[in-house]
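Let me begin by presenting the structure, written as structure tokens, before commenting on it.
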Amino acid sequence: MDKIKMTTPLVEMDGDEMTRILWKMIKDELLLPYIDLKTEYYDLGLEHRNETNDQVTIDSAEATKKYGVAVKCATITPNAARMTEYNLKEMWKSPNGTIRAALDGTVFRAPIIVKGIEPCVKNWEKPITLARHAYGDVYKNTEIKVPGAGKAELVFTAEDGTEIRETIHNFTGPGILQGIHNTDKSITSFAKACFNYALDTKQDLWFATKDTISKKYDHNFKDIFQEIYEKEYAKKFEEAGIEYFYTLIDDAVARVMKAKGGFIWACKNYDGDVMSDMVSSAFGSLAMMTSVLVSPSGVYEYEAAHGTVQRHYYKHLKGEETSTNSVATIFAWTGALRKRGELDGNKELMAFADKLEKATIQTIEEGKMTKDLALITSLKDVTVLNSENFIKAIRETFEKM
């Protein structure tokens with residue numbers, strides 16, 4: 001069989017730990033035998049980011065702007081323990097945060113629905129899509145460890161030299177400070193991405209913040225959403241038979257638990273990070289969640305919504321067998337390949353991506369799965385496969401199809 005040709009490269013961002021191991025397995029077993037794979041490769045593994053002073057992350061984001069489609073492996077955001085483990089020059093920022101800031105996009109995450117993996121929330125009948133703002137807030141923060149007594153102020157100096165100054169707190173002893181920001185431009189992009197995605201998928205859109213407490217910061221998000229909706233989208237939503245509404249984040253959480261699903265829930269950056277993990281876990285597994293960053297200029301970056309599976313990696317290093325779920329990482333590749341095919345008019349590549357996703361789901365529904373799914377499935381007499389054999393089982397299903 002001739003391999004499927006690609007006309008334009010994908011940007012490939014390699015990652016860390018167990019997901020890096022899976023990344024190679026997926027390429028070797030599921031992609032390279034069938035596709036003449038063209039990628040522009042960037043190693044976002046923590047060691048290489050440290051060697052390049054994180055320049056490689058910035059370069060990968062610029063390449064994504066150039067080529068329009070990227071696929072990213074899970075990466076480590078270092079903490080104090082990682083500083084020692086990897087002998088880092090400094091505590092590098094989240095690569096996802098850096099890339100999202102460069103692309104000014106919105107992250108859309110949705111669970112992968114499989115028969116036999118029922119949601120923990122029994123009334124959820126349809127997927128819930130999380131729309132996560134992908135710029136600013138704690139991911140672009142500035143922090144100070146306050147050494148002792150003193151006055152903390154928030155100061156803005158305008159270009160003409162005028163100042164706005166607010167007291168944050170009068171410290172009587174040690175403490176901590178954090179400064180976060182966002183921009184009207186980015187919030188506007190976020191709002192439009194959410195409204196457009198809702199119209200494209202014909203789903204209701206919820207947006208939630210905590211404007212009763214954050215009367216300027218969160219309220220600004222609420223106001224921008226409402227203004228754009230009324231000016232540009234209200235009539236379109238009415239014609240499509242869908243609804244937009246704003247509610248407080250705590251009210252949204254309560255509503256979500258009683259809802260049937262089938263809607264988009266838009267959240268600020270940190271809220272979206274946390275809530276997408278909750279939704280994906282409740283639907284079955286963190287490894288059963290698609291994630292795509294969409295920029296206002298039409299650039300797409302596909303990734304798994306979960307971390308690097310550190311615990312399994314340490315087992316792997318000891319030569320112990322692991323049963324790590326690779327579904328989200330496979331779907332990151334299929335999402336990117338489908339979009340590349342769509343942009344290039346390459347129907348063969350698009351069909352390949354569709355077929356590989358079907359083969360992945362069919363493999364699980366036939367009772368062949370990793371340990372995390374075996375623990376929660378309603379299917380009987382399932383076969384628990386290790387990391388490598390699960391990927392090989394998907395290849396067998398794919399070949400039969």
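Note that these values count all heavy atoms, side chains included, but never hydrogens, waters or copies made by symmetry.
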Residue pairs meeting ring-ring contact (aromatic ring centres under 6.0 Å, His included), one or both in residues 39-66, sequence neighbours left out, come to none
Tell me, please, which residues at least two apart from Lys24 pass side chain to side chain donor-acceptor pair (under 3.5 Å). Asp28
Quick one: side chain to side chain contact (heavy atoms under 4.5 Å, CB included) partners of Ala152, sequence neighbours excluded? Ile168, Phe171, Leu177
Scan for ring-ring contact (aromatic ring centres under 6.0 Å, His included) pairs involving residues 289-346, sequence neighbours excluded, and state none if there are none. Trp23-Trp333
Among all residues two or more places apart in sequence or in another chain, which pass the side chain to side chain contact (heavy atoms under 4.5 Å, CB included) test with Leu375? Lys371
Sorted by chain and number, sequence neighbours left out, side chain to side chain donor-acceptor pair (under 3.5 Å) with Glu399 holds for Tyr34
Could I get the full list of side chain to side chain donor-acceptor pair (under 3.5 Å) partners for Asn123, not counting sequence neighbours? none
Does Glu47 have any salt bridge (charged side-chain N to carboxylate O under 4.0 Å, His left out) partners at least two apart in sequence or in another chain, and if so, which? none
Could you pull out all residues at least two apart from Lys140 that satisfy salt bridge (charged side-chain N to carboxylate O under 4.0 Å, His left out)? none
With sequence neighbours excluded, residues passing side chain to side chain contact (heavy atoms under 4.5 Å, CB included) with Val138: Asn141, Gln178, Ile180, Tyr270
With sequence neighbours left out, write down each residue that passes salt bridge (charged side-chain N to carboxylate O under 4.0 Å, His left out) with Glu366, or none if nothing qualifies. Lys368
Applying salt bridge (charged side-chain N to carboxylate O under 4.0 Å, His left out) to Lys392 and not counting sequence neighbours gives Glu388
